[in-house]
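Below is one structure, written out as structure tokens, with a few remarks after it.
As the structure is a prediction and not an experimental result, all values here were calculated from the model. All ligand and atom numbering here is 1-based and tracks the order in the structure.
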Amino acid sequence: MKIAFFDAKPYDRAPFEKYAGAKGLDIVFYDVKLDESTVGLARGFDAVCVFVNDVVNAAVIDALYAFGVRMIALRCAGYNNVDVERAFGKIHVFRVPAYSPYAVAEHAMAMLLTSVRRIHKAYNRTRDFNFSLNGLTGFDLHGKTAGVVGTGRIGRVFIDICRGFGMRVLAYDKFPAKDSGIDYVSLDELLAESDVISFHCPLTEETNHLINAETVKKLKKGVVLINTSRGALIDAEALLSGIKERRIGAACLDVYEEESDIFFRDFSGHIVEDDTLARLISMPNVLVTSHQAFLTEEALDAIAETTVDNLLSFENSGVCANELCYRCGNIEDCKKKRLEKCF
Ligand code: NAD
């Protein structure tokens with residue numbers, strides 16, 4: 001099987017070479033992202049392997065299909081960048097539903113601690129032999145209220161971590177988990193009561209701009225927002241206004257609405273065109289990491305293993321448990337329980 005691997009980074013290669021090599025798969029790594037201008041590179045391949053910022057829209061899917069590509073292997077959990085409806089009947093789409101929820105949840109807490117204890121400021125100061133503490137006053141997490149939006153794999157690990165810090169945890173989920181011991185409340189209640197809010201739900205039409213000009217008004221004054229899910233959950237302009245109005249106390253962003261042409265690349269020494277991102281980064285209470293929450297050795301290993309297994313499972317048996325099924329309408333968890341393929 002020949003696989004065109006897009007948006008390849010140095011840290012991707014070793015785990016994929018290990019698993020794919022051992023199982024006889026032939027991978028060609030391309031540094032460029034997959035989109036309409038690069039899709040021609042997939043000509044002659046059986047499958048493409050893509051990540052969060054590759055553009056797999058209708059035009060790209062039509063081109064891939066015309067080239068004879070029959071499988072799209074997402075090496076991530078989220079699939080908002082793939083037009084699954086367009087792929088139906090043409091190309092089978094697989095994803096990695098879980099690799100290390102700990103990696104993402106721990107990163108969310110790392111950002112929160114960095115922000116509330118001003119670690120990023122202290123690190124820079126002491127490197128410059130500035131040992132002043134002025135302006136570094138933080139606050140205890142113990143006794144504060146954490147609001148968790150989305151209580152799936154990552155959300156639950158984050159809840160456990162917050163409980164370990166002695167925080168009270170409230171949660172909102174469209175599909176609350178029964179008998180989980182999680183204290184579910186309405187979204188409005190969560191927004192009003194939480195000192196810290198962390199987002200762990202997928203990006204859908206419903207969750208797009210969950211934080212917008214209207215919902216910002218409902219937030220508790222001084223709240224810290226943490227987004228390690230998908231950028232478009234938060235309307236970046238509304239976030240900026242909320243920070244300027246001093247309603248939002250801090251923002252920890254591992255994802256950003258317009259990240260796709262910026263994140264994973266080195267723009268040092270260049271003028272960044274995105275004024276909203278530049279303004280956010282200029283603020284002392286905004287912390288940005290570039291979609292890094294997944295990046296642990298354990299997660300990279302698990303991603304490579306599952307992606308290779310997904311491709312081989314489909315190749316060998318015509319079925320893949322991690323196929324995104326458009327036909328039955330239950331995209332993530334096919335009603336047929338994978339006894340047959342999606343089409
Ligand atoms: P999951 O599927 O296990 O959990 C998602 C939860 O969100 C589920 O409980 C679901 O019921 C809930 N949900 C669905 N629609 C909702 C809505 N409208 N409102 C509130 N809750 C809703 O997913 P997960 O593995 O926990 O991952 C969560 C998200 O994290 C992914 O969708 C992905 O976008 C993001 N992610 C980011 C990184 C990163 O590196 N930053 C890595 C992995 C995943």
Main-chain N/O of S260 paired to K33 side chain as donor or acceptor, under 3.5 Å: yes
Distance from atom 22 (C) of ligand 1 to nearest protein heavy atom, with residue and atom: C201 CB, 3.7 Å
Geometric class of the F343/H92 ring pair [parallel <30°, tilted 30-60°, perpendicular >60°]: parallel
F16: which of F5, F51, F29 passes ring-ring contact (aromatic ring centres under 6.0 Å, His included): F5
Heavy-atom donor-acceptor pair, K221 side chain to R246 backbone, under 3.5 Å: yes
Check: F314 ring centre within less than 6.0 Å of F94 ring centre: yes
Atom 4 (O) of ligand 1: nearest protein contact (heavy atom, Å): G152 CA, 3.2 Å
E332-ligand 1 polar pair, N/O distance under 3.5 Å: no
For atom 5 (C) of ligand 1, the protein heavy atom that lies nearest, with its residue and separation: H200 O, 3.7 Å
Ligand 1 N/O within reach of T228 N/O, cut-off under 3.5 Å: yes
Atom 9 (O) of ligand 1: the protein heavy-atom neighbour that sits closest, reported with distance to 0.1 Å: D173 OD2, 2.6 Å
Ring geometry between Y99 and F294 (parallel below 30°, tilted from 30 to 60°, perpendicular above 60°): perpendicular
Short side-chain donor-acceptor distance under 3.5 Å, H107 and Q292: no
Q292 N/O to ligand 1 N/O under 3.5 Å: no
F158 ring center near H200 ring center (under 6.0 Å): yes
Heavy-atom proximity to atom 13 (N) of ligand 1, best of P202, S229, P176, G150: P202
Sidechain-backbone polar pair: T228 side chain, A108 backbone, donor-acceptor under 3.5 Å: no
Test of proximity, D254 against ligand 1: N or O pairs below 3.5 Å: yes
Cationic tip of K2 above F45 ring, under 6.0 Å, 45° of axis: yes
Numbering as shown, the atoms of ligand 1 that approach T151 to under 4.0 Å (heavy-atom distance): 9 (O)
For atom 19 (N) of ligand 1, closest protein heavy-atom neighbour: Y172 CE2, 3.6 Å
Distance from atom 16 (C) of ligand 1 to nearest protein heavy atom, with residue and atom: K174 CB, 3.7 Å
Contact (N/O only, under 3.5 Å) between A77 and ligand 1: no
Atom pair NZ/CG of K220 and D195 - distance to nearest 0.5 Å: 3.5 Å
N/O separation below 3.5 Å, I154 to ligand 1: yes
Y99, F175, F199: member with heavy atom nearest to atom 42 (C) of ligand 1: Y99
Minimum-distance protein heavy atom relative to atom 1 (P) of ligand 1: R153 NH2, 3.9 Å
Protein residue, atom and distance nearest to atom 33 (C) of ligand 1, heavy-atom basis: R230 NH1, 3.7 Å
Side-chain ion pair, K90 and D62, N-O less than 4.0 Å: yes
Subset of ligand 1 atoms that lie under 4.0 Å from at least one heavy atom of F294: 40 (O)
Any V104 heavy atom less than 4.0 Å to ligand 1: yes
